[in-house]
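Labels below follow one simple rule: chain letters A, B, ... track the order of the sequence lines, proteins then strands, and each chain is numbered from 1. Heavy atoms only: backbone and side chains are in, while hydrogens, waters and symmetry mates are out.
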Amino acid sequence: MDYKLKFSVNRQTVKLTIEPYLTLLEVLRDKLGLTGTKEGCGTGDCGACTVLVDGRPVCACLLLAAEAEGSEVTTVESLASNEKLHPLQEAFIAAGGLQCGFCTPGMLMSAVAFLTQNPEPGETDIRQALAGNLCRCTGYDKIVRAVQVAAREMAHD
Amino acid sequence: MTELRVVGQPLPRLDAKEKVQGQAVFAADVQLPGLLVGKFLTSPHAHAEILSIDTSAAEILPGVRAVITAADIPASAKYDAGSRFHAFLARRFVVFAGQPVAAVAADDLVTAESALELIRVDYRPLPVVRTPQEAIQPGCVAVALGEESFNSSAGSTPHTQVAAASQPEEAEAKGDESPNIANRVIFKYGDLAAAFAQSDVIVEQTYTVPVVHQGYIEPHAVTAHWDRPDHVTVWECVQGAFAARDLLAHTLGLSQSSITLNATEIGGGFGGKVEGIFAPIVVLLAKKARRPVKLVLTRREELVGSNPAPHSVIRLKSGARKDGRLTALEGEILVDAGAFPSGWIMNSMTVLLRNNYKFPAWRLEGLEVLTHKASIAAYRAPGGPNAAFAIECQLDEMARRLDLDPLQLRLQNLVEEGDSLTDLEPQVRVGGREVLNALAGHPAWTDPLPARYGDNGLLYGRGLALGSWEGGRGPASAIAILDGDGKFNIVLGTVDLSGSFTSLAQIAAEALGVSVEKIVIRKASPDYAPFAPMSAGSQTIFAMGAAVKEAALDLRAKLFRHAAKELQVSEDELGIDGEGIFVSSQPNQRRSFETLYQLGTEWFAEYGPLLGQGSAAQRQRAPGFAATIAEVAVDPATGQVRVTRLTTAQDVGRAINPLAVAGQLQGGSTQSVGIALWEEVMYDEQGRVCNPNLLDYRLPTAADLPLIETIIVEAPGGDGPYGAKLVGEPSIIPPVAAVANAVAAAIGARICDLPLTPERVWRVIAGRNNKV
């Protein structure tokens, strides 16, 4: 039996009919073409599929799309506005906080949610906040530094 | 030497903007009209005979478009029973749990998964060879599928043999030995017994490293579409487009020109995606379904059935004099290759054991054996961490027993230019001494450690290790083309695995004499690009960079030739800047790049289009050296090890892009810490992987690590572009041993089995305190 889903994705209302067993990740990637969100494990262990649901970071692979009914979902595609990158995106670029870039969308979404709650984080706080987002390329050093830079930048805004 | 303007600048990645916005197209992001979902069915048995496969129920399931088994492999494909590449679908026998036996293409994932459940495979289970120790017993069940296996390409194309730097001095064949010894090498020199007899100290230990996985976050993904008669287009995350195309051609009996191989963005490879071992399944599915098919592996499939790094058992015995002079090294190296041989990884591991230190006598015997596991492949400096864990722990133990400084002991015995390597070849100019010296005076080495048993009850220790790596050396080719907007297209067939396109753009800009903004890197498939080596063996800057530099210089020379004619001056009177070519004495006398483009492209043009080519032969050897200092804090109550400080120095010859180089050092160091402390693919009694997920196969997280200090050393050597040597791999070699040495220093005992889990560490501490 199909499910009629209504929710908000990147500030736009989306209505679509889906199979009820689809995950939020499958709907975002396969139905809405938002392939910026990545799948690295499908079991909530790697964090590559992290999106915000009502402002909270969630592994989109673990959430049935139907559970997002009425929610506001935010993906990496909406971070930049009008060609202007988010301070976290700018900081990741400048600091070398990405290499292959596969974990980057999820990493950014976790960092966005974290900095919203913790505008002046210490290094340990950042590391704890990002511990659910695996990165195999960078060794996390430049990611942590990028989040520190972005936090300072955002505090000035 | 003229001052460099672009080379040496720490520039952000050229592709960073699209990657932070989720716009980069990875293999799983490829979309085509009518795209089907591919899935494969795997063997639950590590060793079994397939008596029958019944796919009839799956075939009639609505939404299923194709079902294939080995029977669908074209007869024109030559079968090599000794090659993993040819085992993409099991024929009569399965030889590891997780080996694909059948595959389906269906309208959606649910239908594909349902179809797999309807396939009936009748297996006759056979005895499983689980461990290399079992495998080497005479009379053991043979793992290899056919006699031809050891005469074959040994499971890899010649291109993958990037690290096989040497020939064995002697290979003995023995009678009545196990059928599972796939490769044997012996390197020996000098009178070993006499050398040991002259030793004041002898250290003998056996070091084990488990199977570890490359751990790229992006699982293998492939899309195939038979888009024209007898022509297939493939999109795949692979490290080598040419190698991946060759693999398809060889395994499916196709000609290279019937395959367009698009290497997509790649979400990490580290050696595990060199040729792309799953693509043949997808190409066959697409052919049978007459529709495009996409296969994306699950993490479980990755950890169970891809191609991880080998389990090794290395017994080492080494001797030294009181004054620190090393005397003799004896070693037996046992490498578990899984079900198909690799050869060169074991060879590389064996050679590395003696390569860095001047033992005047040695005997190293390496065995590669087959077991019923997924076969091994490269993982960043293949075999390097295994070898370093053994020899660098030996050196550390030697220093402790002789009461000598571990760093000085290494400096004292370092193999340098002209000294013999393991294979008796003379070492070239290397930066080993520079790397060690960079650490010798560094606070990471000289700062006082917190006292063991600090106030918090933790045990502190510091450890050092050194590593070296040969890497790949090309050949490589590239084309440079002036475009209508005055920019320069660099057309190449290599894959950007580590930000290398940014560094290649810097090399092109430097050679041409323009800014990096003028360079556009055009990755092309083998349909359009001249030959490129795979992005492996750290050779992309070292070898591909040489080709790019040559292409850029060729184009620059032609620009000058055309401009000289146009401006009616000699070429040596000309200069180049960001806008064009000018007369040095009268800079307003100039031709812009746009004009020069027009002069070579418009109707009735006087000159040919401007195009430069680079076709670079193999580079000279330029081994990379790295050294690491690790500090750890060990909780004696739990055995938990925490790395509190990590410093890695590496000689890169010349850092084309220091930001990228530092990132490589940090990434490699972190993977190495993972091998030291957490990572292990575990197998049950039936030879099945029992931790195939990223919760139980534990990768390092952000919370596990300190900031990682990097020291970039630039020592001369080799003939890489602008002095660059290989960068990517050496940093994964020493940290594993540095951490092990730090733990040994902290707990006052040595653990020779990785990973150094809390249980292993706690047992040693508790055992000493008589608590167990």
Side-chain angles (χ1 to χ4, degrees), chain A residues 19 21 26 29-30 33-48 75-77 79-80 85-86 88-90 92-108 123-124 126-145, chain B residues 10 12-13 15-26 28-29 31 108-110 214-219 265-270 296 298-300 302 497-499 646 659-660 662-671 673 693-695 699-710:
Chain A
E19 296 87 342
Y21 49 76
E26 290 171 309
R29 285 183 55 87
D30 302 338
L34 293 169
T35 55
T37 304
K38 305 301 179 193
E39 177 165 5
C41 70
T43 50
D45 297 318
C46 80
T75 73
V76 70
E77 283 90 348
L79 273 191
L85 296 180
H86 187 282
L88 269 164
Q89 292 174 312
E90 294 280 10
F92 267 59
I93 293 173
L98 69 148
Q99 288 185 27
C100 82
F102 196 80
C103 75
T104 308
M107 195 70 82
L108 284 168
E123 184 199 329
T124 307
I126 296 170
R127 289 185 177 278
Q128 290 297 336
L130 299 181
N133 292 83
L134 298 177
C135 168
R136 193 57 153 174
C137 298
T138 64
Y140 304 103
D141 181 290
K142 297 189 188 308
I143 291 174
V144 171
R145 291 176 195 271
Chain B
R13 294 177 68 110
D15 61 359
K17 205 171 170 184
E18 64 189 64
K19 283 186 169 170
V20 297
Q21 298 186 82
Q23 292 169 333
V25 178
F26 291 86
D29 303 333
Q31 284 298 338
D108 55 40
L109 183 61
V110 170
Q214 296 86 354
Y216 35 77
I217 308 299
E218 175 205 35
E265 288 295 334
I266 180 166
F270 311 111
V296 182
T298 64
R299 181 57 55 178
R300 181 188 173 80
E302 275 291 347
L497 203 59
S498 52
L646 197 61
L659 184 68
Q664 287 298 303
L665 268 54
Q666 290 165 336
S669 295
T670 300
Q671 289 179 314
V673 171
N693 62 74
L694 293 178
L695 197 60
L699 301 182
T701 75
D704 295 324
L705 294 152
L707 292 170
I708 302 166
E709 187 170 351
T710 57

Can you say whether [X] sits under 4.5 Å from chain B via the side chain, the backbone, both, or neither, judging by heavy atoms?
X	answer
A:Y140	side chain
A:L130	both
A:A129	neither
A:E90	neither
A:T104	side chain

### Heavy-atom side-chain contact between A:C100 and B:E218 under 4.5 Å
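No. Closest side-chain heavy atoms not under 4.5 Å.
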
With a 4.5 angstrom heavy-atom cut-off, which part of [X] approaches chain A: side chain, backbone, both or neither?
X	value
B:A28	both
B:V110	side chain
B:I217	both

### Query
If you count heavy-atom pairs under 4.5 Å with chain A, which of B:Q23, B:K17, B:Q31, B:E302 comes out on top?
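Max contact count across the listed options: B:K17.
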
### Message
Heavy-atom pairs under 4.5 Å with chain A: which of B:L109, B:I708, B:T701, B:T670 has the most?
### Response
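Result: the option with the highest number of such pairs is B:T701.
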
### Query
Is a side-chain donor or acceptor of B:E18 paired with a backbone partner of B:D15 at a separation under 3.5 angstrom?
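No, because the side chain of B:E18 does not come within donor-acceptor range (under 3.5 Å) of the backbone of B:D15.
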
### Task
Determine, stepwise, if the pair B:V20 / A:L108 fulfils side chain to side chain contact (heavy atoms under 4.5 Å, CB included).
CA-CA 8 Å; B:V20 297; A:L108 284 168; 4.0 Å; yes

#### Entry: Heavy-atom pair with the smallest gap, counting every atom of B:Q666 and A:T138
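For B:Q666 and A:T138, the tightest heavy-atom pair comes out as CB-O, 3.4 Å.
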
### Heavy-atom closest pair, residues A:P105 and A:K38
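Heavy-atom minimum between the residues: CG-CG, 4.5 Å.
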
#### Entry: Choice from A:E77, A:Q128, A:R29 maximising heavy atom contacts with chain B below 4.5 Å
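The residue among A:E77, A:Q128, A:R29 with the greatest pair count is A:R29.
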
### Task
Please name the residue in the list B:Q664, B:R13, B:K19 that meets the side chain to side chain donor-acceptor pair (under 3.5 Å) test with A:Q99.
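The single option meeting the side chain to side chain donor-acceptor pair (under 3.5 Å) with A:Q99 is B:Q664.
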
